[in-house]
Student: 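Just dropping this structure here.
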Amino acid sequence: MQIAGLEVRQLSPFKWEIPQDESRGMRVPGIIFIDQSMLEQAIKDRAAEQVINVATLPGIVHASLAMPDIHWGYGFPIGGVAAMDAKEGVISPGGVGFDIACGIRLLRTNLSQEDVDKVKSELMQELNRNVPKGVGKSGRVKLDRSEFNKAITRGARWGIGRGYGWEEDIEFLERRGCLAGADSDAVSQHAYERGHDQIGTLGSGNHFVEIQVVEEIHDEETARACGLSPGQITVMIHSGSRGFGHQICTDYLKVMERVTARMGYRLPDRQLACAPIKSEEGIKYAGALACGVNYAVLNRQLLTHWVRESFERVFRASARKLGMNIIYDNSHNLALFEEHQINGIKKELCVHRKGATRAFGPGHPDLPENYKSIGQPIVVPGDMGTCSFLLLGTEEAMKESFGSTCHGAGRMMSRSEAKRRISGSELKSALEARGISIMADSMPGLAEEAPDAYKDVSKVVEICVGAGISRKVARMVPIGVLKG
DNA sequence: ATGTGC
């Protein structure tokens with residue numbers, strides 16, 4: 001099999017290598033964790049070629065990596081992981097994506113499916129009323145620039161200080177809900193204007209709030225540590241940094257194009273525009289990026305508050321009594337400074353994860369006490385008609401993938417193709433006939449997110465488990481979906 | 001993903 005003229009070789013059942021070809025400017029090989037049929041798909045949509053392109057970037061170490069949910073993206077593939085040497089490497093907005101720190105959060109409850117079934121339509125209506133959502137929608141929290149700057153510097157803690165959530169929530173967020181190094185001066189007025197009244201809104205596209213039932217426990221001990229048992233209700237929240245992160249990305253792509261020209265980088269794709277991590281522009285982008293990350297995590301924190309409030313109203317009990325604790329919150333689109341071992345030597349790296357999830361193994365200092373011995377939880381959303389998973393990071397992920405794994409099912413059909421081929425209202429009826437309630441603002445929007453538009457999440461997860469970069473805890477199935 | 005082509 002060939003990718004853009006280069007022969008791929010299979011290293012193990014779920015690991016394929018594109019050997020380094022210096023004549024193509026590759027500084028490292030490409031490695032994709034995948035099976036044959038999904039690889040063929042990634043070659044067809046040209047995402048596999050993007051793995052080769054990323055391998056040409058200055059300072060990239062070990063390999064240009066991709067997860068099984070790989071698909072075509074802006075410059076870098078979605079599902080891509082690229083670690084750059086923090087001293088000599090570059091940072092690239094295309095390696096993060098437009099929706100900075102778009103991510104997912106899983107809440108547990110003490111409720112059973114029977115408890116929810118009795119009041120499901122009331123609960124869906126309450127969520128629909130109480131969770132701001134949709135394209136361009138503003139929320140209930142509007143901040144002046146000075147307060148906004150505090151919010152994007154402190155992240156989730158700003159929300160908790162304002163009564164949006166519980167003190168202990170912080171423990172269950174990556175980096176305790178705040179990325180250090182946020183530089184609000186690096187954020188444009190335009191980004192502020194787009195973002196200041198969108199905090200605490202779900203957005204549209206693939207973002208959702210989903211009510212689920214735990215269908216299967218794969219490992220009892222780790223499921224217990226996560227507070228999960230069969231038949232229990234969970235709530236999944238998927239959202240990002242809205243217009244704010246989008247504008248930061250747009251602003252810095254322009255800056256990076258200038259820097260790329262100035263540095264004389266010869267890149268195979270102009271969408272790979274980047275700047276040295278240590279350059280003035282690189283430092284400013286990293287500071288703005290941290291603001292976007294903090295915004296996204298705070299956004300999910302506010303959404304969590306309104307989800308809890310909705311349950312409180314319908315069940316006439318406090319969210320604490322309902323056991324609505326956060327299991328974990330993962331971000332999917334970011335570039336982070338992390339220390340990793342390369343050939344036995346500790347190195348400071350800037351790890352770009354675009355549509356990929358941090359998956360730290362057991363014992364990592366960033367993990368809360370209850371997960372320290374089992375590894376970092378990874379919430380993997382599937383599609384609205386299938387299922388989602390809770391996974392854990394492994395020691396092997398630390399060695400194989402800079403502590404990274406998949407982020408979801410991965411898109412298989414483009415948005416426009418999905419809209420052309422699938423009717424949103426027919427999809428809604430079909431899902432509701434299967435006991436999955438749908439509340440969606442837009443029917444074409446629903447069609448874009450149809451199960452048929454996505455790869456099989458179970459297959460993606462099996463590959464990650466087979467490659468050793470994750471282990472399975474539990475599988476959840478949807479019973480109610482709220483979308484913008 | 002997104003004030004859903006600039």
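Chain naming here is simple, since letters A, B, ... match the order of the sequence lines and numbering starts at 1 in each. In what follows, every heavy atom counts, from backbone to side chain, and hydrogens, waters and symmetry copies are set aside. Computed from a prediction, not measured in an experiment: that's the story for all the values here.
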Student: Could you tell me which residues satisfy ring-ring contact (aromatic ring centres under 6.0 Å, His included) with H190(A), sequence neighbours excluded, listed by chain and number?
Tutor: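 Testing H190(A) for ring-ring contact (aromatic ring centres under 6.0 Å, His included), a comparison that skips the adjacent residues, returns none.
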Student: Indicate whether OP1 or OP2 belonging to dT2(B) is found under 4.0 Å from a side-chain N or O atom of S204(A).
Tutor: yes
Student: Whole-Å distance between dT4(B) P and Q198(A) CD?
Tutor: 12 Å
Student: Counting just side-chain N and O atoms, does Q247(A) come under 4.0 Å of either OP1 or OP2 of dG3(B)?
Tutor: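 Negative; the distance criterion is not met.
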Student: Under a 4.0 Å N-O cut-off, is there an ion pair linking D329(A) with R105(A)?
Tutor: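 So D329(A) pairs with R105(A) through a salt bridge.
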Student: Could you go through residues 258-268 of chain A and list every donor-acceptor pair under 3.5 Å that involves a side-chain atom there, pairing it with any protein atom two or more places apart or in another chain?
Tutor:
{"residue": "T260(A)", "atom": "OG1", "partner": "M256(A)", "partner atom": "O", "Å": "2.7"}
{"residue": "T260(A)", "atom": "OG1", "partner": "C274(A)", "partner atom": "N", "Å": "3.1"}
{"residue": "T260(A)", "atom": "OG1", "partner": "C274(A)", "partner atom": "O", "Å": "3.1"}
{"residue": "R262(A)", "atom": "NH1", "partner": "E281(A)", "partner atom": "OE2", "Å": "2.9"}
{"residue": "R262(A)", "atom": "NH2", "partner": "E281(A)", "partner atom": "OE1", "Å": "3.3"}

Student: What donor-acceptor contacts under 3.5 angstrom involve side-chain atoms of residues 379-387 of chain A, with partners at least two apart or in another chain?
Tutor:
{"residue": "D383(A)", "atom": "OD1", "partner": "G385(A)", "partner atom": "N", "Å": "2.9"}
{"residue": "D383(A)", "atom": "OD1", "partner": "T386(A)", "partner atom": "N", "Å": "3.1"}
{"residue": "D383(A)", "atom": "OD1", "partner": "T386(A)", "partner atom": "OG1", "Å": "2.6"}
{"residue": "D383(A)", "atom": "OD2", "partner": "T386(A)", "partner atom": "OG1", "Å": "2.8"}

Student: In residues 188-196 of chain A, which residues come under 4.0 Å of DNA chain B by heavy atom?
Tutor: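 Residues of residues 188-196 of chain A under 4.0 Å from DNA chain B: H190(A), R194(A).
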Student: With sequence neighbours excluded, tell me which residues meet side-chain contact (heavy atoms from CB on, under 4.5 Å) with F98(A).
Tutor: Y74(A), H246(A), C249(A), T250(A), L253(A)
Student: For K483(A) and dT4(B), what is the distance between atoms NZ and C1' respectively, to the nearest whole Å?
Tutor: 15 Å
Student: Whole angstroms only, please: what is the CZ-C1' distance between R415(A) and dT2(B)?
Tutor: 10 Å
Student: Contact class for E448(A) vs. all strands (heavy atom < 4.0 Å): base, sugar-phosphate, or nothing?
Tutor: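 Nothing, no heavy atom under 4.0 Å.
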Student: Hey, does G240(A) reach any base, or is it just sugar-phosphate, or nothing, if we go heavy atoms under 4.0 Å?
Tutor: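 It contacts nothing in the nucleic acid.
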Student: Show the atom names and distances, to 0.1 Å, of all donor-acceptor pairs under 3.5 Å that link a side chain in residues 404-411 of chain A to residues at least two apart or in another chain.
Tutor:
{"residue": "S404(A)", "atom": "OG", "partner": "R353(A)", "partner atom": "NE", "Å": "2.8"}
{"residue": "S404(A)", "atom": "OG", "partner": "S401(A)", "partner atom": "O", "Å": "2.7"}
{"residue": "S404(A)", "atom": "OG", "partner": "F402(A)", "partner atom": "O", "Å": "3.4"}
{"residue": "T405(A)", "atom": "OG1", "partner": "S470(A)", "partner atom": "OG", "Å": "2.8"}
{"residue": "H407(A)", "atom": "ND1", "partner": "D69(A)", "partner atom": "OD2", "Å": "2.5"}
{"residue": "H407(A)", "atom": "ND1", "partner": "G355(A)", "partner atom": "O", "Å": "2.9"}
{"residue": "R411(A)", "atom": "NH1", "partner": "M413(A)", "partner atom": "O", "Å": "3.0"}
{"residue": "R411(A)", "atom": "NH1", "partner": "E448(A)", "partner atom": "O", "Å": "3.1"}
{"residue": "R411(A)", "atom": "NH2", "partner": "E448(A)", "partner atom": "O", "Å": "3.1"}
{"residue": "R411(A)", "atom": "NH2", "partner": "E449(A)", "partner atom": "OE2", "Å": "2.8"}
{"residue": "R411(A)", "atom": "NH2", "partner": "Y454(A)", "partner atom": "OH", "Å": "3.3"}

Student: Find the distance H238(A):NE2 to dT2(B):P and express it as a whole number of Å.
Tutor: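 In whole Å, dT2(B) P and H238(A) NE2 are 10 Å from each other.
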Student: Run the side-chain contact (heavy atoms from CB on, under 4.5 Å) test against D456(A) and tell me which residues pass, sequence neighbours left out.
Tutor: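 Partners of D456(A) under the side-chain contact (heavy atoms from CB on, under 4.5 Å) test: S458(A), K459(A).
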Student: Looking at residues at least two apart in the chain, or sitting in another chain, which of them share a ring-ring contact (aromatic ring centres under 6.0 Å, His included) with Y285(A)?
Tutor: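 In terms of ring-ring contact (aromatic ring centres under 6.0 Å, His included), with neighbours along the sequence ignored, Y285(A) is linked to Y252(A).
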Student: CG of N299(A) versus C1' of dT2(B): gap in Å, rounded?
Tutor: 14 Å
Student: Rounded to the nearest angstrom, tell me the gap between atom CG in L253(A) and atom P in dT2(B).
Tutor: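 Distance check: L253(A) CG to dT2(B) P gives 16 Å.
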Student: What residues form a side-chain contact (heavy atoms from CB on, under 4.5 Å) with N130(A), not counting sequence neighbours?
Tutor: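 side-chain contact (heavy atoms from CB on, under 4.5 Å) list for N130(A), sorted by chain: E126(A), R140(A), W306(A), E309(A), S310(A), R313(A).
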Student: If you take all heavy atoms of I60(A) and V54(A), which pair is closest and at what distance?
Tutor: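 Distance-wise, the nearest heavy atoms are CD1-O, 3.6 Å.
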Student: Rounded off to whole Å, could you give me the CZ-to-P distance for the F244(A) and dG3(B) pair?
Tutor: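 Value for this atom pair: 13 Å.
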Student: Can you list the residues that meet the side-chain contact (heavy atoms from CB on, under 4.5 Å) rule with A156(A), with sequence neighbours excluded?
Tutor: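 Residues passing side-chain contact (heavy atoms from CB on, under 4.5 Å) with A156(A): I170(A), L173(A), V297(A), Q301(A).
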Student: Contacts to DNA chain B from residues 94-102 of chain A, heavy-atom cutoff under 4.0 Å, which residues?
Tutor: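 The stretch gives F98(A), D99(A) as the residues lying under 4.0 Å from the strand, ordered by number.
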Student: Near DNA chain B, counting only heavy atoms under 4.0 Å, which residues of residues 130-140 of chain A show up?
Tutor: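 Residues of residues 130-140 of chain A that come under 4.0 Å of DNA chain B are, in numerical order, V135(A), G136(A).
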